[in-house]
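A note on names: the letters A, B, ... follow the listed sequences, proteins ahead of strands, and every chain is numbered from 1.
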Amino acid sequence: METVDLSLFSLGLTFLLLVVPVLLSLIYRFALIGPLFYAVTRMSIQLILVGIFLKYLFLWNNTLVNLLWLTIMVVVAVFSAIRGSSIKISKVAIPAFASFFIANVGAILYINSVVIRLDNIFDAKYLIVLGGMLLGNSLRGNVVGITTFYKKIRSDSKKYLYVLSLGASHYEALLPYLRESVQLALKPTLASMATMGIVALPGMMTGVILGGASPEVAIKYQIMIMVAIVVSTITSVVLTILMTLRVCFNRYGVLRQDVFVDSKTSGRA
Amino acid sequence: MIEFNNIQLNFNGKKIIHNLSFTIAHGDKVVLLGKSGSGKSSLLSLLLGFIVPGQGEIIFDGLPVDKKSVWAIRKKIAYVDQAVSMGEGSVADFINFITQLNAVSAQRLNKGKIGELLNYFELGDDITEKEIKELSGGERQRVAIVIAIALGRNIFLLDEVTSSLDMHLKKKVADYFLAREEWTCLVISHDAEWLDSPAVKVFDVEEGRWRL
């Protein structure tokens, strides 16, 4: 089965659907027309450029270039995840990058080498596409995970210090916050897994079917990708939190205020 | 023995504590006195390593309080402050949480003792089932005092721990600590129940000297 290609005219007709949200916004004064058009335009331009870029990336299929592009994707994901929290990027960029890289690239290489058994595990088609799916989910998980972890300890500082004063190790004092953050970070992924196929057909599965594959193949790929997503999300959230502890806490176990964007210099020497 | 040697502490560029030195011997009951913002609570935080001095050092049993020693020092201290925070859940949940800490389980927190102490400090039998957020300030202070005592440690840092109690309970708490000769207590309080006791030594933090 061949995929029906869309002409530029046909693609343009898709935008006619936007009349509905525009009308709703006008009627109810949602003030969404500006943001909606900005988002749609930006998304379209980004995807067109990425489409052109991926076309040549797949044609060239050079291992070094593929890895370089994946690294750029990881860097962008790290910056987006940290920017979504209240921590200064300069303080945690390196540990966060290491966490994202280990968790996501590790999962992709496992999938490519052990599950799909590719001859070239750095094949652009798999490396970049799987990377995009895993990193997107890791990014969302980390925004929730890192934000919750540090925000909670900050707002709960009296209890945290009280637990330390009782003689708790740093690990013991942090564990309740780590648990809560990881659970919250995983919640959307677990919820979408629980309803997958019933409430919604996932994007990758739809794409594979539209690309001409049978539903059986699409389902196998979807199960594979969901397992990889949950593994890379939980691993990256845990690793990011653990690897940023060293820079965000002093050696006395006290949270440093100067790592936060809204920090006020305490002045305490 | 606890020694504060030439401590200097700055906050927002302002000197809070300037060249403060004093020593607390084993078994001493010391009340720190001074107006609000004079650095009394900061001295307790310094001992626990929650803040570090700009200058000077704190010696605890011959060891300087630093990033390595502080973890072991905290295991020898029981600290309670006036607005102690135990998070969410019931009192029993919090007690269960702390009993699982290695430092506490190694010292075998006496749960039977907790029951006795809760009764002694006039908290009802059902207090452990209560939600922490439902406790009054006085109840929370007494629960924290009970936990501190049940830890079985000999050094107590008590920061305004009787501020929300009535006179009868203030006296009961102060008398309990003052009667234990082997306990070393560093207390921040303006209550007569502490200050008027002949067992207490008073250190004026603002003036940096003992009051006779």
Ser165(A), part contacting chain B, at a heavy-atom distance under 4.5 Å: both

Hey, can you tell me if Phe50(B) and Tyr79(B) have their rings parallel, tilted or perpendicular (30° and 60° cut-offs)? perpendicular

Distance from Glu180(A) atom CD to Ile153(A) atom CD1, nearest 0.5 Å? 10.0 Å

Does some side-chain heavy atom of Ile59(B) sit less than 4.5 Å from a side-chain heavy atom of Phe4(B)? no

Which atoms of Asp66(B) are under 4.5 Å from chain A, going by heavy atoms: the side chain, the backbone, both sets, or neither? both

Flag the one option from Gln100(B), Met86(B), Lys67(B) with the top tally of heavy-atom pairs under 4.5 Å to chain A. Lys67(B)

Would you compute the distance between atom CG of Asn6(B) and atom NE2 of His18(B) and round it to the nearest 0.5 angstrom? 9.5 Å

Do any of residues 134-143 of chain B come closer than 4.5 Å to chain A, heavy atom to heavy atom, and if so which ones, in number order? none

Chain A interface, residue from Ala78(B), Gly87(B), Ala148(B), Ala72(B) that has the most non-hydrogen pairs under 4.5 Å: Gly87(B)

Let's test your reading of the structure: which of Val254(A), Leu164(A), Asn250(A) forms the most heavy-atom pairs below 4.5 Å with chain B? Leu164(A)

Any side-chain donor paired with an acceptor under 3.5 Å for Arg179(A) and Gln183(A)? no

Between Ala173(A) and Tyr160(A) the two heavy atoms that sit nearest each other are CB-CE1, 3.6 Å

Side-chain contact test, heavy atoms from C-beta onward, threshold under 4.5 Å: evaluate it for Ser189(B) versus Thr162(B) and give yes or no. yes

Chain A contact via Gln8(B) - side chain, backbone, both or neither, heavy atoms under 4.5 Å: neither

Is it the backbone or the side chain of Ile147(B) that comes under 4.5 Å from a heavy atom of chain A, or both, or neither? side chain

Could you check whether any side-chain heavy atom of Val187(B) comes within less than 4.5 Å of a side-chain heavy atom of Phe156(B), counting everything from C-beta outward? no

Honestly, the part of Ile98(B) sitting under 4.5 Å from a heavy atom of chain A is side chain

Distance (rounded to the nearest 0.5 Å) between Phe203(B) CZ and Leu43(B) CG: 8.0 Å

For Asn137(A) and Thr233(A), test the side chains for any donor-to-acceptor distance below 3.5 angstrom and give the result as yes or no. no

